[in-house]
Amino acid sequence: MADMMKSMPMAGTTGMQMPMMQDCIEACSAASMAATMCADADAGEGMGRCASMCMSTADVAMTMMRMMMRPAGYDMGVMTSMMTACMAMGEACAAECSMHADMSEHCRICASACTAMVDACRAAMSSMQSA
């Protein structure tokens, strides 16, 4: 992905440092996959609130990732708002899944992936502000 990002025409003008972007994109992808799988498992276990939280997190994380992969269309105000929403959703999902982590390995993994996404988004936002 780093090679693809370097090849983008707007690669140097995104307002974010490329390593931070790559880390955030990868963390969003991992969180989206973990949350999708956790939601499926939750549904089979009758954990409706957790499943719904995970589905919303998967959607927000995927949208954040896709937005970051289109640097030509960056608007820092929109990116900041979306990243803030992504972090809020990730924190909420991590908190919900953490409540079930002792009895559910998929919830533990999902909580961990969501926390990693929040951390990566926070670092990317820091990069945006200093760029």
Side-chain angles (χ1 to χ4, degrees):
M1 181 164 56
D3 290 339
M4 180 60 105
M5 290 171 76
K6 289 175 192 170
S7 76
M8 299 295 288
M10 300 288 290
T13 61
T14 61
M16 280 190 270
Q17 297 170 11
M18 295 304 255
M20 299 289 188
M21 285 177 59
Q22 184 174 352
D23 290 348
C24 190
I25 288 168
E26 290 173 359
C28 286
S29 177
S32 180
M33 289 185 282
T36 297
M37 294 172 79
C38 190
D40 186 63
D42 289 342
E45 296 170 349
M47 297 183 346
R49 175 173 166 72
C50 193
S52 181
M53 187 78 68
C54 287
M55 287 186 286
S56 293
T57 299
D59 291 343
V60 171
M62 184 62 65
T63 300
M64 182 77 255
M65 179 190 75
R66 292 175 56 97
M67 286 176 69
M68 292 186 75
M69 291 178 1
R70 295 188 287 258
Y74 276 5
D75 175 283
M76 279 305 125
V78 173
M79 289 302 288
T80 300
S81 295
M82 185 62 192
M83 206 163 285
T84 300
C86 189
M87 289 187 299
M89 193 72 240
E91 288 170 345
C93 189
E96 178 67 27
C97 282
S98 289
M99 290 191 295
H100 311 289
D102 288 343
M103 64 180 184
S104 171
E105 181 68 3
H106 58 82
C107 282
R108 186 195 63 74
I109 293 167
C110 185
S112 177
C114 287
T115 299
M117 177 182 70
V118 170
D119 292 344
C121 285
R122 192 168 286 122
M125 277 191 73
S126 168
S127 156
M128 284 168 47
Q129 295 164 358
S130 65

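What you see is a predicted model; the values in this text were computed from it and never measured.
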M37 atom CE: more than 12 heavy-atom contacts under 6.0 Å |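 Open: at most 12 neighbouring heavy atoms sit under 6.0 Å from CE of M37.
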What distance do [X] atom [atom1] and [Y] atom [atom2] have between them, rounded to the nearest 0.5 Å?
| X | Y | atom1 | atom2 | value |
| --- | --- | --- | --- | --- |
| M65 | R70 | CE | CZ | 9.5 Å |
| E96 | S52 | CD | OG | 9.5 Å |
| I109 | E105 | CD1 | CD | 4.5 Å |
| T63 | M89 | OG1 | CE | 12.0 Å |
| M79 | M67 | CE | CE | 5.0 Å |
| M55 | C93 | CE | SG | 10.5 Å |

Check: [Y] and [X] side chains under 4.5 Å, non-hydrogen atoms:
| X | Y | result |
| --- | --- | --- |
| D42 | H106 | yes |
| C50 | C107 | yes |
| S112 | C97 | no |
| M99 | M47 | no |

Okay, side chain of T115, backbone of A111: is any donor-acceptor separation there less than 3.5 Å?
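Yes, T115 side chain to A111 backbone: donor-acceptor pair under 3.5 Å.
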Please answer: with hydrophobic residues joined when any side-chain heavy atoms are less than 4.5 Å apart, are M33 and M68 in the same cluster? no
Looking only at heavy atoms, the pair that brings G90 and M117 closest together is CA-CE, 3.8 Å
Report the C-alpha separation of V60 and M82 in whole Å, then their side-chain angles, then the decisive distance to 0.1 Å, and conclude whether the side-chain contact (heavy atoms from CB on, under 4.5 Å) test is met. CA-CA 9 Å; V60 171; M82 185 62 192; 4.0 Å; yes
* To do: Using the test salt bridge (charged side-chain N to carboxylate O under 4.0 Å, His left out), find all partners of E91 that sit at least two apart in sequence or belong to another chain.
  =>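 Checked E91 against salt bridge (charged side-chain N to carboxylate O under 4.0 Å, His left out); matches are R122.
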For residues 27-39, the side-chain hydrogen bond (donor to acceptor under 3.5 Å, both in side chains) pairs (sequence neighbours left out) are none
Checking M125 against M87 for the side-chain contact (heavy atoms from CB on, under 4.5 Å) test, could you report, in this order, the C-alpha distance in whole Å, the side-chain angles of both residues, the deciding distance, and whether it holds?
CA-CA 10 Å; M125 277 191 73; M87 289 187 299; 3.2 Å; yes
C121 vs C28, test: side-chain contact (heavy atoms from CB on, under 4.5 Å). Steps then yes/no. CA-CA 8 Å; C121 285; C28 286; 4.2 Å; yes
